[in-house]
Every structure is written in C-alpha cells, then in structure tokens.
Amino acid sequence: MKYISTRGNTANKQFSEVLLMGLAPDGGLMLPESYPQISAETLQQWRSLSYPELAFQIMSLFATDILAEDLKSIINKTYTAETFGNPEITPVRTLKDGIKIQALSNGPTLAFKDMAMQFLGNAFEYVLAKEGKKLNIIGATSGDTGSAAEYALRGKQGVNVFMMSPEGKMSAFQRAQMFSLQDENIHNIAVKGMFDDCQDIVKALQNDAKFKETYNIGTVNSINWGRVLAQIVYYFAGYFKATRSNAEKVSFCVPSGNFGNVCAGHIARQMGLPIHRLIVATNENNVLDQFFKTGEYLPRSAEHTYVTSSPSMDISKASNFERFVFDLMDRDASEIETLWAEVGKGKGFDLHFMLDKIRNQYGFVSGKSLHADRLAVIKSVYETDGELLDPHTADGVKVARELREAGETIVCLETALAAKFADTIKEAVGNAVIPRPAGLNGLEDLPQRVQVVPNNPDVVKMIIRETLEKA
Ligand SMILES: *Cc1c(COP(=O)(O)O)cnc(C)c1O
C-alpha cells in the first residue's frame, strides 16, 4: 500500500513514514492510493472476530510495511479490557427510543480520542525503535487531545511530549488528568493566555525549520493518518454489534469538529461496509452542517468560533475535511489545490452542484444541536434510560432523533463520558450523581506537575532545549 498527498506534489510514501508525518510537504493530507475492497465473504468472516482480531485484519491492509506479527503485537497490547474497561472494547447499547450508542470513551481519558491515540503511542514506539530515531511531540490543547496524547505516550521510549495549555482555562478534572502524570517524558506547559495563543506558539516552533530539525519536533494532531486508520476499525465493530446479518444496513451519527472521526466512517463505507448514511452532527459551530446542507464550505477564524458546552467541537476549520473532498472530486489534486487556495485566502468554496453526489453516492447528511438541545437530550435520556450522556454525544442523539427515517438503525458514537463535563450535566439534570470510573476517584487531589510560562514562544523553546540537553 502506497500513500499519496491530496495536493499531488509529494512522492509516494510507505505506512511507517506517513505514521510520523503531519501535513504533507505540499500542504496536503496523506491518503492510501486506493481503499481496499472488502468482499461479502470477508465481511462474513470478520463478524465473529474479537476487536483486536478485527483491528489486525483491517490495519494489515493499510500498514503493509510493518511485519504482520509486529503489527499484531502492537494491536494486542493496545486494545485490552484493562485499558478500555470492557473486553468488547466498543460495546453497543440501545436507548429506549431505539437509538443505539457505541461506547468509544472508556479509555484512560474518557474520550474517543484514546481509541486512536493508544494505538499511535505503541506504533510510534515501535517505529522509532526500529529506525533508531527520537521524536519530540509538541502540541496545544484545550482538553481532550492533549490528555489523550499524554496518556498514549507516557513512559514510551524515544518520545517526549511538550503540551501547551491555557493557564486556568481547563476544567479541574482536565487539569488533574494531565498535570498528575509523573512520567519523565511528559512536560506540561501552562501558558498565560488563551488556547489560540498556545496554538500560535506551536506554529512558531514548527515554522522554525532549524529548531524543528535540531530537536526532532513532531505533532500528533487529528490529521495524522494513523489516527484515522485506527478509527476505521470501530465502524466495522459497531456495525457487527448493531446487526444480525450483513444484509442489514446501519447509519452512523457522529459528533464532529475536525471531521477526523467521520472521515474514518467515510473510508469504512468506501471499503464496502454496509453503511446507509453518515450523519454529521455539529454544535453551534456549524460550518460542516452548512456545507452538507448547501454545498458551501465557509470556514471561520478563531474569533468567529463560539465557546460552547460541547467544547471539543468548537472548531470552524475542519482539518480532515480535505480528505473527503479529495474523494468527492474524484481524487483530482489540482481541484483540491484550487479549492484550498480559496480557504487559504480566508474565503471558502461552493460545491452546491455536488449535493446530489454528496448525499446519494457518499451518504452524507447533517444537523446541528444548540446548548438548549443538548441539555434537553441529557435530561430526557436521564429520565427514560437512567443514564447520563456527555454533551457531545447528546448533540449526536439530538440530530439522530431529528433525521431518523422509518426503520433506520442509527448508531450514535459516544465520544466522551459525562464525568468530564460535570457543570453542563448539573445544568441539565440538577444534582445527579455523575458516575466516574473507580480508578479516577480522588484524581483532583493528586500532586500536579506543570510549568507556568509567559505567552512567548522563545520561553517554550528554551524549556524544550534545556530539557532535551539535560537528558
Ligand atoms: C475531538 C472530539 C470530537 C470531534 O471529533 P473530530 O474527529 O474532531 O470530528 C467530538 N467529541 C469529543 C468528546 C471529542 O473529544
């Protein structure tokens, strides 16, 4: 399997090279040159596999330059009942109203990003050891991504993590989750500023080519191909749990921000998984909903992005969206160049003449959910099912209820647990007891490790330099 860039100006690459990459050198995103096609017989055989067995079957189609037994051991080490709280890894349950929920958030940081990050941590360690390389990951987080990266890379050989977060802007739970890690390779840096300031520091460091090369700087943001690949697996797993035979079709409803999660669903569908529709759910930041309704993609700047009660979806420029549009434009890289030149100028583009293809050939539809909607869903599910949904999952359920057709099976992806968002849960249902996995009781009382720094990239560079030279 070879990998190509959506912009068409990057030499073909192997899986293990793409794994350590962010953007392609031509500014595009890496994708396999074609999607493997799964036959009816294969799909039938896969139905009875365990999650790690299924993950191996799927990933080995894409990770062709990693030895089969090595890939198997990386996967077996990653998808365990210990790490994900259940031998099924992503169990599916059914709400009283018939909507199904696939649990993706029982990993160490209680959000679906663990599904991919835990794999990436083990895969990074393997590839770096094999090539005798080291990697220093820098990142900016307002919560979920940073903690998932830290829990995936803690204690791994050959990797350091330097994670910037805005001082005092994360919840007490999120701070405790990240800052209580005592592993020597994890470095928490609280910046006196906002999330955007943290992102600007990451960009400044990345744009310093000499610094980047001297200190082997890398990132693990949502455009990483390894993350998308690991996410493809749970669409297959969810499909098998939600159906009795492969003659049935299922729709997936996906709370979306960067389009990373649902992009994996798109690829699963292209591989031949019987997915009826891919339902994109947004919050108040509805750039994607607007695209799937009108064909107009008009990304917004950070100042025009609302701060909402489903904060991990507060994104107005969906970084993985280019992968889908590349397929939509029949993989014409020059079209992508043209469209993203407009995005680069702060404009966008209009593909309304493609709406029929988007809906009927690719199965995409969308909806949005606002603060009052998510509170109402949390309350109603609490009353009818006696369980608490997290605000992002509630956005998905709201949109699924709204768009469900007669007889349609919809699986909503549960992207986080309620325990992470206590304030919104209280607003929705009053003082309910919010369940928290046993291992996390008392988390906020553990000692914390964090350096507070001024909003200045040079100070962060100095910290990285000193840390690495000391080691
Ligand atoms: C990251 C995240 C999302 C959005 O996922 P994308 O892949 O960016 O579309 C939704 N919900 C939660 C809880 C998240 O952490």
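Hydrogens, waters and symmetry mates play no part in the numbers below; they use all other heavy atoms, side chains included. Atoms within a ligand are numbered from 1 in the order they appear, just like the ligands themselves.
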* Amino acids in close contact with ligand 1, where any non-hydrogen atom sits under 4.0 angstrom away ->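 Within 4.0 Å of ligand 1, the protein residues are Phe112, Lys113, Asp144, Pro255, Ser256, Gly257, Asn258, Phe259, Gly260, Asn261, Ser312, Met313, His392, Thr415, Ala416.
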* Close aromatic pair by centroid cut-off 6.0 Å: Tyr362 and Phe324 ->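 Tyr362 vs Phe324: aromatic centres under 6.0 Å.
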* Asked: What about Phe421 and His392, are their ring centers closer than 6.0 Å?
  ->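 So the answer is yes for these two rings.
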* Pair Asp183 + Arg154, salt bridge at N-O below 4.0 Å ->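 A salt bridge links Asp183 with Arg154.
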* To do: Please determine if Glu383 and Lys96 form a salt bridge, counting it only when a charged side-chain N lies under 4.0 Å from a carboxylate O.
  =>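 The answer is no: the pair does not qualify as a salt bridge.
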* For the pair Tyr297 and Phe349, name the ring-plane relationship: parallel under 30°, tilted 30 to 60°, perpendicular over 60°. =>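 It falls in the tilted class, 30° to 60°.
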* To do: Decide salt bridge (charged side-chain N to carboxylate O under 4.0 Å, His left out) for Asp373 and Arg401; before the verdict, give the C-alpha distance in whole Å, the side-chain angles of both, and the deciding distance to 0.1 Å.
  => CA-CA 11 Å; Asp373 297 321; Arg401 284 178 170 174; over 6 Å; no
